[in-house]
Amino acid sequence: MLKVRLPDGSTREYEHSVRPAEIAQEIGPRLARAALAAKVEDRVVSLDTPLPAEGEVSLRLLTQKDPEALAVMRHSCAHVMARAVMRLFDGVQLAFGPTIENGFYYDFGMEHKLTEEDFPAIEAEMRRIIAEDEPFERIETPREQALAVCAGLGQALKVEHINEGLKDHATLSFYRQGEFLDLCRGPHVPRAGVIGPFKLLSVAGAYWKGDASRQQLQRLYGTCFFTQQELEAHLQRVEEAKRRDHRLLGRQLELFAVHPMVGQGLVLWLPRGAIIRSLLEQWVREELVKRGYEPVYTPHIGRVELYQTSGHYPYYAESQFRPIDMEEGERYLLKPMNCPHHVMIYQSRPRSYRELPVRLAEFGTVYRYEKSGELGGMTRVRGFTQDDAHLFCTEEQVAEEFRGCLEMTQYILRTLGLTSYRVRLGFRDPASNKYVGSEDRWAKAQAALERVCREMDLPHLEIEAGEAAFYGPKADFVVADCLGREWQLGTVQLDYNLPSPERFGLEYIGPDNTPHQPVMIHRAPLGSLERFVGVLIEHFAGAFPLWLAPEQVRVMAVSEKFEEYGRQVEARLKAAGLRATGDYRAEKIGAKVRDAQLRLVPYMLIVGAREMEQGTVSVRDRIEGDLGAMPVQQAIEKLTREVQEKTVRKVAQLTAGLGTRREANTY
RNA sequence: GCUGCUGUAGCUCAGUCGGUAGAGCGCGUCCUUGGUAAGGACGAGGUCACGGGUCCGACUCCCGUCAGCAGCUCCA
C-alpha cells in the first residue's frame, strides 16, 4: 500500500500502482489540466512516472506557479527544437540539451552550418510541433536495448555516452514525441501543447562533452516562458543589460580604449578612466598602510631562472609571452605574476619570527598571453595591474592574516556598494594528487579557512572541491557582469609551494633559534584594476559615485552674459579640489542640462542673472533634479562632504542573469 | 586556440540586382542670448579594416590576414 502526502497536509492511500497524473485527476480536472510535472519527495518527475507501490511519499503537483515547472517546460522545448532541427536538416547527431539558468540549449553534430537566418524556419517548425500537441512519452529500457535503439537511429554520440558516461546505469530512459525519440533522463511536460512562448537566441560552437580535443558541435540557445509578457520582459532585461556593457560605456564615456596597433588585450587608459583608476589606487594604498602593509616596487621583467625556481616556467609557458633572448644565453620573461619578485624582497635579508607577518604590497603589472578567443573589454586582457600583496607569516598566524585579507576585501566591496557577489572557497580535490604539501597540512588549513569564513558570515559562501590552486586553498570573490558571466575579482590564496625547499626555501628564525618555513598568502582585493574597473562601470552603469566621477560638477551659464561669473564659480570649485568643468556654449540651458545628464555628470551648477546678483548657484542633481539655489560655498561643502564620505547613491540593477550554470537534466 | 557571425565618417547605423557612398548624433563657422533633457542655418569629414583574386567594372562575389562579437575550451 502507498500513502501519499499532499502539500495541504492531507493524505491519500492507494492499493495499486499510481501515477501523479491520476492523483491530479482525482483532486480535480482543473488541476489535472494545469499540472505540468510533479515533485515526489525532492525529485521532479513527469506526470506519468509511476510512484512506488509501497511506503509513504510526499507529492506536489507542479503548475505554472512553480519555478521547477518552468525548467521542465524549457527542457521539453529543447526537445521540440531538436525535433524541428531534425525535420529540417539531414544527418543530425543529437548530443546534450539541458536547461540552463534562463533558457535551454541543444548541441547538434551536423553538416549544415546553422546561422540566425535558419531561426525563423526552425521556430515555425517548432510552432507546428507544439500545435500538433503530441504527448511526451517516457520509455524505460535495459541498457543493451537502449544501445541497440541508439545505434539503430544512427545516434553515435548517444551510443558513446551510454558506453562512457552512463556505463553504470542498468536501465535507461527515452522520451518519445511523435517520430522523435531521444535518450533522456527527463522529466518532461505531458504534452507539447503546454509549451509557452519561446524564442531562439543564438548559435555557437561547443565541444562534445566539453573536451577541446573532441568533435565540435553546434549549440543552439533558446528560451521559453509561460507567457508572452514574461518572454518580452526577459528579452527587454537582456537589452537593458547590454546597454550598460562596459565595452560600450567605456567608449562612450571615454574611459579606456584597446587598439589593434597596440595589441589585442592591451588596455589604454584614457584620461577619464585613468582618474578612476588612480583614485582607487590611492584609496587602496591608504588602506594598505593602515593595515600594516609595506609598499614595494619591482621590475616588469625577470630572468627565466627566477620563474624556473618558482615553477611558473615552463609549466605555464603556454600562457606567457615568449622569453626575451639576449646574448650569452641570458633570457628574461615579462612577469606573469609578482610573487617571485616579492619573495626575493623577503629573502633580501634573514628574517626573525619577531617581524612576521611581513606584508609586501605593490600595484604590479603582469602580462599573460591569454588565447585570442578569450579576450574582451577590460575583463579578460593580456596586460593588467594587480593590487597585489604577499604576506609571509607563521603557521599560527595564517588564520588571522587570512581573516584580515578577507575583511579588507569586504570593506572595499562594501564601500563601493558592490554587494552582489559570492565567495568561493576553493579546496583540494581529494581524488587528485596534483597538490603540494601534506594532506594533514591541507586539512588543517582548509578547516581554519572555513572557520574564519563562517565567522565572517560571507555572502553565498560555497565550498568547491577541486577549485584550489595546486599550491594551496583559496577564497575568491566572484561577481557577475551585465551578461551574467562570472568573474573572479578579489582573491586570497594560501601558498605552501613557493616557500618550500624545492622552490625558494624561505626561512625565518624562530624563538628556538632554528630556521622555520613561513607560509605565504597571495591576496588582491580588487584582483586586477582592469577587470575591477570594467565590472565597476557595469555596476554603476557608468554613473560613478561623486568621489570617483571623472567629471564631478559642470558649471553652465544660462546665457553667455554670465560666462564670467560662471568661470569664477568654476575656479572656486577647482580650488576646493573638485573636478569641475564649464559649459559656456551659445546653447540653451536645456541643451546643456541634457548633455550633462547624458554624460552622467553628478552635479550641474546653473548660473544666471539671479545667481550672479546673489553670489549663489542653482544646484541640479543628476538623480534628484533641481535642488534650488544656494551660496557657492555651501554647494562646495555639500559636494566635498559627499566626496569625503564616498557616498554611493545609486547602483545599476542586478545582472540580467544570462548565466549558463547547468541545471540537473542532462542527457 | 576552436566554431559561427561581423567590420562603411569620431560614434550608432542604412546602402536594392556588382556601376567608385548616405542618415542621425558629434565636430567647425555663423545667427540666436535663453532658466533645468535637443533653437536655427551652413560646412568639413570616407583608400567602405587590410592584402590578393574573379569581372569591362568590386563597398557589394571568392580566398587569406587582422580585429571585434557570441559560445566552447582554458584561466597562475
Side-chain angles (χ1 to χ4, degrees), chain A residues 100 105 107 109 113-118 201-221 242 245 247-248 251-252 254 257-265 307 310-313 315-320 335-340 366 368-377 379-380 386 469-472 474 476 483 485 487-488 491 493 495 497-498 522 531 556-563 584-599 604-611 618-622 624-629 658 660:
Chain A
I100 50 175
Y105 66 78
D107 286 346
K113 303 290 180 197
L114 289 169
T115 70
E116 298 200 0
E117 284 164 22
D118 297 317
L201 298 174
S202 61
V203 58
Y207 298 106
W208 171 230
K209 299 208 169 180
D211 184 343
S213 69
R214 299 221 220 186
Q215 177 182 356
Q216 185 146 28
L217 307 168
Q218 301 190 62
R219 177 169 295 179
L220 203 43
Y221 285 89
K242 281 186 189 160
D245 188 321
R247 291 166 296 191
L248 218 68
R251 194 165 46 234
Q252 275 169 12
E254 297 178 34
V258 180
H259 197 284
M261 191 71 92
V262 178
Q264 221 188 349
Y307 299 99
S310 72
H312 295 119
Y313 191 88
Y315 192 64
Y316 292 112
E318 274 295 282
S319 44
Q320 284 166 200
K335 72 176 169 185
M337 37 191 11
N338 300 303
C339 32
V366 297
R368 300 178 188 178
Y369 196 81
E370 305 282 0
K371 290 181 200 158
S372 63
E374 304 303 333
L375 302 173
T379 43
R380 195 75 186 265
Q386 299 175 306
F470 74 90
Y471 50 76
K474 61 175 183 171
D476 294 328
L483 296 177
R485 291 176 292 205
W487 298 103
Q488 177 192 311
T491 182
Q493 314 185 348
D495 188 345
N497 180 45
L498 290 183
H522 308 244
R531 179 176 288 179
M556 45 192 72
V558 167
S559 93
E560 283 174 303
K561 290 179 198 143
F562 314 108
E563 174 172 350
Y584 310 110
R585 291 174 302 164
E587 274 297 344
K588 300 216 292 191
I589 195 67
K592 296 181 184 181
V593 166
R594 180 169 191 272
D595 288 346
Q597 288 283 151
L598 291 177
R599 196 67 175 182
M604 288 149 256
L605 302 186
I606 292 160
V607 295
R610 292 197 297 272
E611 290 79 10
S618 255
V619 179
R620 183 187 163 98
D621 178 32
R622 189 187 68 82
E624 305 285 334
D626 192 357
L627 300 183
L658 298 182
T660 51

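The figures here come from the full heavy-atom set of this structure, side chains too, leaving out hydrogens, waters and symmetry mates. We name chains A, B, ... by the order of the sequence lines, and we start the count at 1 in each one.
Within 4.0 Å (heavy atoms only), L375(A) reaches sugar-phosphate atoms of the nucleic acid but no base atom. Counting non-hydrogen atoms under 4.0 angstrom, I606(A) reaches a base of the nucleic acid. Among the heavy atoms of the strands lying under 4.0 Å from R380(A) is at least one base atom, whether or not backbone atoms are also near. Across all strands, Q252(A) comes closer than 4.0 Å to no nucleic acid atom at all (heavy-atom distances). Here K113(A) lies in heavy-atom contact (under 4.0 Å) with sugar-phosphate atoms only. Note on A591(A): only backbone sugar-phosphate atoms sit closer than 4.0 angstrom, heavy atoms only; bases stay farther off. Heavy atoms of G373(A) sit under 4.0 angstrom from at least one base atom. Backbone-only contact: R247(A) has heavy atoms under 4.0 Å from sugar-phosphate atoms and none from a base. No contact: V203(A) has no heavy atom under 4.0 Å from any strand. Residue-level contact check: Q386(A) touches neither bases nor backbone, having no heavy atom under 4.0 Å from any strand. If you check every strand for non-hydrogen atoms under 4.0 Å, A609(A) touches a base. S618(A) comes within 4.0 angstrom of a base, heavy atoms only.
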Exercise for the section: In sequence, state the C-alpha distance, the side-chain angles, and the governing distance for R247(A) and D245(A), and then conclude on salt bridge (charged side-chain N to carboxylate O under 4.0 Å, His left out). Expected result: CA-CA 5 Å; R247(A) 291 166 296 191; D245(A) 188 321; 2.5 Å; yes

Exercise for the section: Begin with the C-alpha distance, continue with both residues' side-chain angles, and end with the deciding distance and a verdict on salt bridge (charged side-chain N to carboxylate O under 4.0 Å, His left out) for K592(A) and E587(A). Expected result: CA-CA 7 Å; K592(A) 296 181 184 181; E587(A) 274 297 344; over 6 Å; no

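Closest contact between the side chain of K371(A) and the listed nucleotides G1(B), U36(B), G34(B) involves G1(B). Distance from the side chain of P336(A) is smallest for A76(B) among the nucleotides A76(B), U73(B), G39(B). Nearest nucleotide to the side chain of T115(A), out of C72(B), C5(B), A70(B): C5(B). Nearest nucleotide to the E611(A) side chain, out of U36(B), G35(B), A70(B): G35(B).
Distance noted for atom P between C69(B) and A37(B): 36 Å (whole Å). Rounded to the nearest Å, the gap between the C1' atom of C17(B) and that of U29(B) is 42 Å. Rounded to the nearest Å, the gap between the C1' atom of G51(B) and that of G7(B) is 15 Å. Rounded to whole Å, the P atom of A67(B) lies 33 Å from the corresponding atom of G26(B). Taking atom C1' on both nucleotides, A23(B) is separated from U65(B) by 32 Å, rounded to a whole Å. Annotation: C50(B) and A9(B) have their P atoms spaced 10 Å apart (nearest Å). Comparing G22(B) with C48(B), their C1' atoms are spaced 12 Å from each other, to the whole Å. A distance of about 14 Å separates the P atoms of A49(B) and A21(B), rounded to the whole Å.
Applying the 4.0 Å criterion to OP1 and OP2 of A70(B), one finds that R485(A) has a side-chain N or O inside that range. For the pair R214(A) and C72(B), the criterion of a side-chain N or O lying under 4.0 Å from OP1 or OP2 is not met. For Q216(A) and C2(B), the shortest distance from a side-chain N or O to OP1 or OP2 is not below 4.0 Å. For the OP1/OP2 pair of U36(B) and a distance below 4.0 Å, the side-chain nitrogens and oxygens of K592(A) include no atom meeting the criterion. The phosphate of A37(B) has OP1 or OP2 within less than 4.0 Å of a side-chain N or O from R620(A). Proximity of Q264(A) to the phosphate of G68(B): a side-chain N or O atom is located under 4.0 Å from OP1 or OP2.
Rounded to an integer number of Å, the gap from CZ of R594(A) to C1' of U36(B) is 14 Å. In this structure, the CG atom of L217(A) is 13 Å from the C1' atom of G4(B), given to the nearest Å. Rounded to an integer number of Å, the gap from CG of D118(A) to C1' of C5(B) is 13 Å. A straight line from CG of D595(A) to P of U36(B) spans 16 Å, rounded to a whole angstrom. Atom NE2 in H259(A) sits roughly 10 Å away from atom C1' in A67(B) (whole-Å rounding). Distance CG (L114(A)) to P (A70(B)): 20 Å, rounded to an integer number of Å. Rounded to whole angstrom, the span from the CG atom of D245(A) across to the C1' atom of A70(B) amounts to 12 Å. For the pair R251(A) CZ and G7(B) C1', the interatomic distance rounds to 12 Å; values are reported in whole Å.
Looking at R585(A) and M556(A), their side chains never come closer than 4.5 Å, going by heavy atoms from C-beta outward.
With centres under 5.5 Å and a plane angle under 30° as the test, the ring of Y221(A) is not stacked against the base of G71(B).
Taking 3.5 Å as the limit, the base of C75(B) and the side chain of E374(A) contain no donor-acceptor pair of atoms between them. Between the side chain of R368(A) and the base of C75(B), no donor-acceptor pair under 3.5 Å is found. For a distance-only test at 3.5 Å, the side chain of Y369(A) fails to qualify as a donor-acceptor partner of the base of G1(B).
Annotation: ring-ring contact (aromatic ring centres under 6.0 Å, His included) contacts of Y369(A) (sequence neighbours excluded): F321(A). Judged as a side chain to side chain donor-acceptor pair (under 3.5 Å), and not counting sequence neighbours, the contacts of S310(A) are H312(A). For H522(A), the side chain to side chain donor-acceptor pair (under 3.5 Å) partners at least two apart in sequence or on another chain are H390(A), D495(A). Contacts of R610(A) classified as side chain to side chain donor-acceptor pair (under 3.5 Å), with partners at least two apart in sequence or in another chain: none. Considering only residues two or more places apart in sequence or on other chains, W208(A) meets the ring-ring contact (aromatic ring centres under 6.0 Å, His included) condition with F96(A).
Take the nearest nucleotide of RNA chain B for F562(A) and for E117(A): the residue whose nucleotide is more 5' is E117(A). RNA chain B is contacted by both G608(A) and S202(A); G608(A) maps to the nucleotide lying nearer its 5′ end (nearest heavy atom per residue).
From I589(A), atom CD1 reaches atom CZ of R594(A) across 14.5 Å, with rounding to the nearest 0.5 Å.
Judged by distance alone, with hydrogens and angles left aside, the side-chain atoms of R531(A) form a donor-acceptor pair with the main-chain N or O of Q488(A) at under 3.5 Å. In this structure, the side chain of Q218(A) engages the main chain of L114(A) through a donor-acceptor pair within 3.5 Å. Put simply, the side chain of R219(A) never gets that close to the backbone of A204(A): no donor and acceptor are under 3.5 Å apart.
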Exercise for the section: For RNA chain B, produce a single dot-bracket line, 5' to 3'. Pairs: Watson-Crick or G-U wobble, both distances under 3.5 Å. Symbols: ( ) within strand, [ ] crossing, | other strand, . unpaired. Expected result: (((((((..((((.....[..)))).(((((.......))))).....(((((..]....))))))))))))....

